[in-house]
Visitor: 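Pasting a structure below so you can have a look.
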Amino acid sequence: MSAVEDLTERLLKGEPRAIARAISKVENGTEDAPELMKAVFPQTGNALIVGITGSPGAGKSSLVDKLALFYKDEGEKIGIVCVDPTSPFSGGAILGDRIRMQTLGLDKNVFIRSMATRGNLGGLSRATVDAVAILDAAGFDKIIVETVGVGQDEVEIVKTADVSVVVLVPGMGDDIQAIKAGIMEIGDVFVINKADREGVLRTEKELEALLSLAHRPDFWNPPIVKTVATENKGIEDLSKAIESYNDFQKQGRISLTRRTDIARWRLLELLREKLLTDLLSKNGTNAKLDNLALEIAEKRNNPYSAVEEIINSIMKINHLGIATKEIDEALKFWQDALGLENVHTEEVAEQKVRVAMLPIGETKIELLEPTSEDSPIAKFLEKRGGGIHHIAVEVENIEASLSKLKAEGARLIDEKPRVGAEGCLIAFVHPAATGGVLLELVQSKNESKK
Ligand SMILES: Nc1nc2c(ncn2[C@@H]2O[C@H](COP(=O)(O)OP(=O)(O)O)[C@@H](O)[C@H]2O)c(=O)[nH]1
Ligand SMILES: [Mg+2]
């Protein structure tokens, strides 16, 4: 059994240590995290996921604490995920002082985790949603996710919850206006916490007025619950409001649409992260990132050109050159039978060849047909018959590549670049240098070249 399989097995049994390790894996984006999540995903879908969001200091953590305690007393297993770098979740009353002193792993019915805002690739919302999935698979009945209601990431996280609770406090009339555009429309349940303070009624009226203007696709009327988290007041009402939306949602057809939207978001989020990680893991790209950032800060460059530079600096195979007696004959296979598209045909007089370019993935097949008897392709065909004639590698700066190769003692056919197909600068490296393959260097097209 592999280490990940073992970990998965233990987390599915609800072992706190295994759960903690699994969450760390998705948080750090370790190499085996995808394998883990593939095993976890089919086991999800049983928990009720409650998102709790609101401004810093609104009393979210206090509410989560009391709500979790309430659920725990009902005999349920509770997972808590806190995404608030400004005030990580302390555990408060739910753990009680006695348990808090000991390791967290002791109470199998409560699991608390603060997510770190780690990594410069973003991915916090993805990691949070993965952490929730792990808790779901581990058998927790209720999973509460606390986020500060600012920023797109946070909104996305809350959107993935089954029930989203937005926490407000009395006397934030202006705030309500300000956050209207952001989190108002994601609230399935609204809480006016700190209801022991003045202005509760006014805030409630303002909120009602705003909600009456909103048009929800599911026609749900979000209830407003008043709580005093510090005094444990209104918590049962809150749990009922959460339950009522959950029941409502289960009956409606909208729920599949919502789940599909969430799945789509997760997919894009994961894809974005994966592509970015792959890109930055390419040779020297990370170092380049720092240099370019400095250049931009010093106004010597701009982000748009810098992005092009990063993408163009990645070495890739520009094309594979295949020698053929007649392009039209070869196209019967490459185009008609295999299904590639011939997007470009031209005659390169200098080389005495006619070429056809057929894109395939990120690269191209270049069919080469001699246009005269003394064409290099004609000689190649005569000697070796048709087949792979050369490999073309894309370089950022062909002059620089040539002088580096020369300095390394590689035998060059062209010491100076010349113009090849599609107007690109090219140069050939002798097969003697490469272990028997004719190599073409192609300078990637970069308008912003300084
Ligand atoms: N008066 C009053 N204070 C509260 C209430 N709920 C929370 N607080 C206090 O508000 C402060 C911020 O609470 P916290 O739960 O950390 O807010 P969060 O940043 O939204 O998680 C703390 O000092 C709490 O004791 C409440 O209902 N009434
Ligand atoms: Mg908090």
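Both counts, for ligands and for their atoms, begin at 1 and track the order of listing.
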Visitor: Below 4.0 angstrom, N of the basic side chain to O of the carboxylate: do Arg17 and Glu15 qualify?
Guide: no

Visitor: Which of the numbered atoms in ligand 1 are under 4.0 angstrom from any heavy atom belonging to Glu146?
Guide: 21 (O)

Visitor: Measuring from Leu69:CG to Ile235:CD1, what's the distance to the nearest 0.5 Å?
Guide: 9.5 Å

Visitor: Find the distance between CD1 (Ile391) and OG1 (Thr363) and round it off to the nearest 0.5 Å.
Guide: 9.5 Å

Visitor: For atom 16 (O) of ligand 1, which candidate among Ser61, Ala229, Gly54 provides the closest heavy atom?
Guide: Ser61

Visitor: Kindly confirm whether the Mg ion (ligand 2) is within less than 2.8 Å of some N/O/S atom in Ser62?
Guide: no

Visitor: Rounded to the nearest 0.5 Å, what separates atom NZ in Lys72 from atom NZ in Lys77?
Guide: 12.0 Å

Visitor: So that I can tick it off, tell me whether Lys316 and Glu362 are bridged by a salt bridge, with the cut-off set at under 4.0 angstrom between side-chain N and carboxylate O.
Guide: no

Visitor: Salt bridge check, Arg266 against Asp130: does any charged N sit closer than 4.0 Å to a carboxylate O?
Guide: yes

Visitor: Ignoring angles and geometry beyond distance, decide whether Ser62 reaches within less than 3.5 Å of ligand 1 through its nitrogen or oxygen atoms.
Guide: yes

Visitor: Look only at interatomic distance and state if Pro56 has a nitrogen or oxygen under 3.5 Å from any nitrogen or oxygen of ligand 1.
Guide: no

Visitor: Under the side-chain hydrogen bond (donor to acceptor under 3.5 Å, both in side chains) criterion, do Thr30 and Asp32 qualify, and how do the steps go?
Guide: CA-CA 6 Å; Thr30 59; Asp32 51 5; 2.8 Å; yes

Visitor: Would Asp188 and Arg216 pass as an ion pair if we require N to O under 4.0 Å?
Guide: yes

Visitor: To the nearest 0.5 Å, how far apart are CG in Leu168 and NZ in Lys226?
Guide: 13.0 Å

Visitor: Which single N/O/S atom of Glu146 lies at minimum distance from the Mg ion (ligand 2)?
Guide: OE2

Visitor: Could you identify the single nearest non-hydrogen protein atom to atom 17 (O) of ligand 1 and state the distance to 0.1 Å?
Guide: Gly59 N, 3.1 Å

Visitor: Would you mind telling me if ligand 1 is within reach of the side chain of Asp196, the backbone, both or neither, using heavy atoms under 4.0 Å?
Guide: side chain

Visitor: Could you tell me whether Val228 and ligand 1 have an N or O pair separated by under 3.5 Å?
Guide: no

Visitor: Strictly inside 4.0 angstrom of atom 22 (C) of ligand 1, do you find any protein heavy atom?
Guide: no

Visitor: What protein heavy atom lies closest to atom 25 (O) of ligand 1? Include the residue and the distance to one decimal.
Guide: Thr230 CG2, 3.5 Å

Visitor: Of the protein's non-hydrogen atoms, which lies at the shortest distance from atom 6 (N) of ligand 1, and what is that distance?
Guide: Asn193 ND2, 3.1 Å

Visitor: Considering only the protein, which heavy-atom contact is closest to atom 12 (C) of ligand 1, and what is its distance?
Guide: Gly57 O, 3.7 Å

Visitor: Examine Thr227 against ligand 1 and note whether any of their N/O atoms are separated by less than 3.5 Å.
Guide: no

Visitor: Given Lys226, Glu231, Lys194, identify the one with the heavy atom nearest to atom 11 (C) of ligand 1.
Guide: Lys194

Visitor: Can you say whether the rings of His319 and His390 are parallel (under 30°), tilted (30 to 60°) or perpendicular (over 60°)?
Guide: perpendicular

Visitor: Out of all atoms in ligand 1, which are within 4.0 Å of some heavy atom of Ser55? Include the element for each.
Guide: 20 (O)

